[in-house]
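Okay, so here's the structure we're looking at.
This one's a predicted model, so the numbers in the text were calculated from it and none came from an experiment. First the proteins, then the strands, lettered A, B, ... as listed; each starts at 1.
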Number of protein chains: 2
Amino acid sequence: MSENASDSPDLAPSDTASDDRTADAQADGFARVRAAHENEMAEDYVELIAELIEATGEARPVDMAERLGVKPPTVTKNLSRLTRDGLVKRERYRSIFLTEEGENLARACRERHRTVVSFLMALGIEEEVAQRDAEGIEHHVSGDTLRAFEVFLQKNS
Amino acid sequence: MSENASDSPDLAPSDTASDDRTADAQADGFARVRAAHENEMAEDYVELIAELIEATGEARPVDMAERLGVKPPTVTKNLSRLTRDGLVKRERYRSIFLTEEGENLARACRERHRTVVSFLMALGIEEEVAQRDAEGIEHHVSGDTLRAFEVFLQKNS
DNA sequence: TAGATATATTAGCCAGGGCTAACTTTACAA
DNA sequence: TTGTAAAGTTAGCCCTGGCTAATATATCTA
Ligand SMILES: [Mn+2]
Ligand SMILES: [Mn+2]
Ligand SMILES: [Mn+2]
Ligand SMILES: [Mn+2]
């Protein structure tokens, strides 16, 4: 059934150039992207909750909805998922808090977000654009790449 | 109902620092990420179809599934969506072709993918990691940012 | 403090993109 | 050429994360 890992049976390696990765390596890349997408909602939400608490003293669904650009029922539903997953704790009709785990995730995400934005700006990109692009890019930056961004930032003041 | 765009009623601007973007700007960022996600499947599929045709002469669902790391029925379903959306043309049980529109999209995506990978590698990241991260990052790179990547690549040979 | 307004939740809908199991069609090899 | 193996499709399931409409609760204000 599942063949040997080394494919390309009788074809010279790097025949037509382009993408000479093995099918497995490519599949792994796509799998990681799908995994990243599964964490994306959680990361953006805890990040936003932490920001709102810091900025205004509390995190309310209505404010989250406004900043996320979605309707309040969407926030309610997603908050239930985050509560189920142990990142958020709350009581009905009351404002939102992060669990210890949620706070840790929020801290890491905010740091990473800032790094990505700073990196893009160091590259000469305008802040508005940097913020927009970072919102998506941040979830796909591996530890290695994040470190490379930091190194670049140190070298470029 | 919907208030004036300028919020933060009686609070000094940049009070607690951190994220001083307006709620609207932030919502716009999230909206763009959601829009990018809607195109992601299409972009990866047409890119892969073009690669397979170039490398092996034809694009077969079974090979797409292997390289995407998904099961064949998933490919079938998604190909139907792409056909519906005018990017792919095919006959049942036969291999896959791109429409003119699909080819244009594939060309742009392959170019962008290569630029992102090259950029990350120019930053000192190992090829495997660059390929993996690029698979996700590529979909969130605006025209401005892509140009900045290209400028960086020219400056750094 | 009572009524109006703002906020939050619930219920129910939808599309996307995964999956398995079962079936159909094609391709290959004896 | 025929029968089996490989490939492709269909049906039906799941979860995510959007939405609207209706309802419940909290908050504010007169
Ligand atoms: Mn984000
Ligand atoms: Mn973020
Ligand atoms: Mn991709
Ligand atoms: Mn790609």
Side-chain angles (χ1 to χ4, degrees), chain A residues 1-3 7 9 23 27 30-46 48-49 52 56-85 87-88 90-97 135-136 139, chain B residues 1-3 7 9 23 27 30-46 48-49 52 56-85 87-88 90-97 135-136 139:
Chain A
M1 299 296 169
S2 62
E3 293 202 8
D7 283 299
F30 285 117
R32 280 168 191 266
V33 174
R34 287 192 296 269
H37 285 159
E38 282 179 14
N39 300 325
E40 213 166 311
M41 185 275 287
E43 292 176 353
D44 287 334
Y45 273 55
V46 298
L48 179 55
I49 290 165
L52 284 171
T56 74
E58 67 174 349
R60 299 189 310 164
V62 67
D63 296 322
M64 293 187 63
E66 188 190 9
R67 283 174 171 70
L68 290 164
V70 300
K71 300 296 178 184
T74 299
V75 172
T76 295
K77 187 185 288 192
N78 286 334
L79 286 174
S80 297
R81 288 171 182 157
L82 298 181
T83 303
R84 176 197 67 188
D85 296 343
L87 295 170
V88 156
R90 61 181 317 216
E91 292 162 56
R92 208 185 269 176
Y93 292 102
R94 313 242 62 121
S95 71
I96 302 148
F97 298 92
E135 198 55 75
H139 308 282
Chain B
M1 299 296 171
S2 62
E3 296 200 2
D7 285 300
F30 286 117
R32 280 168 191 265
V33 174
R34 287 192 295 270
H37 285 161
E38 281 178 16
N39 300 326
E40 213 167 308
M41 183 275 288
E43 293 176 353
D44 288 333
Y45 273 56
V46 299
L48 179 55
I49 290 165
L52 284 171
T56 74
E58 66 174 346
R60 299 189 309 162
V62 67
D63 296 322
M64 294 187 64
E66 188 190 10
R67 283 175 170 70
L68 290 165
V70 299
K71 301 296 178 184
T74 300
V75 173
T76 295
K77 187 186 287 190
N78 285 334
L79 286 174
S80 298
R81 288 172 183 153
L82 298 181
T83 303
R84 177 198 66 190
D85 297 342
L87 295 170
V88 156
R90 61 183 313 221
E91 292 162 56
R92 207 186 268 178
Y93 293 100
R94 314 243 61 126
S95 70
I96 303 147
F97 298 92
E135 198 54 74
H139 309 281

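Rounded to a whole Å, the CZ atom of A:Arg60 is 13 Å from the C1' atom of C:dT5. Whole-Å rounding puts the A:Ile96 CD1 to C:dT9 P distance at 7 Å. For B:Glu91 and D:dA7, the CD to C1' distance is 17 Å, given to the nearest whole Å.
Among the nucleotides C:dT9, C:dT7, D:dA26, the one closest to any side-chain atom of A:Arg94 is D:dA26. Checking C:dT10, C:dT25, C:dG18 against the side-chain heavy atoms of B:Thr74 singles out C:dG18 as nearest. Residue A:Lys71 places its side chain closer to D:dT20 than to any other of D:dT20, C:dA8, D:dA7. Nearest to the side-chain atoms of A:Pro73 among the listed nucleotides D:dG18, D:dT20, D:dT9 stands D:dT20.
Applying the 4.0 Å criterion to OP1 and OP2 of D:dT10, one finds that B:Arg92 has a side-chain N or O inside that range.
Helix-axis bend for the helix from C:dT1-D:dA30 to C:dA30-D:dT1: the local axis fitted to the five terminal pairs at one end deviates from that at the other end by 10°, rounded to 10°.
Against DNA chain C, the stretch residues 77-85 of chain B makes heavy-atom approaches under 4.0 Å through B:Lys77, B:Asn78, B:Arg81, B:Arg84. For DNA chain D, none of the residues of residues 35-45 of chain B falls under the heavy-atom distance limit of 4.0 Å.
Here the closest heavy-atom approach between residue A:Asn78 and residue A:Tyr45 is recorded as ND2-OH, 2.9 Å.
Checking A:Arg34 against A:Ser95, the closest nucleotide of DNA chain C that is more toward the 5' end is the one next to A:Ser95.
Counting heavy atoms from C-beta outward, A:Leu52 and A:Arg60 have side chains that stay 4.5 Å or more apart.
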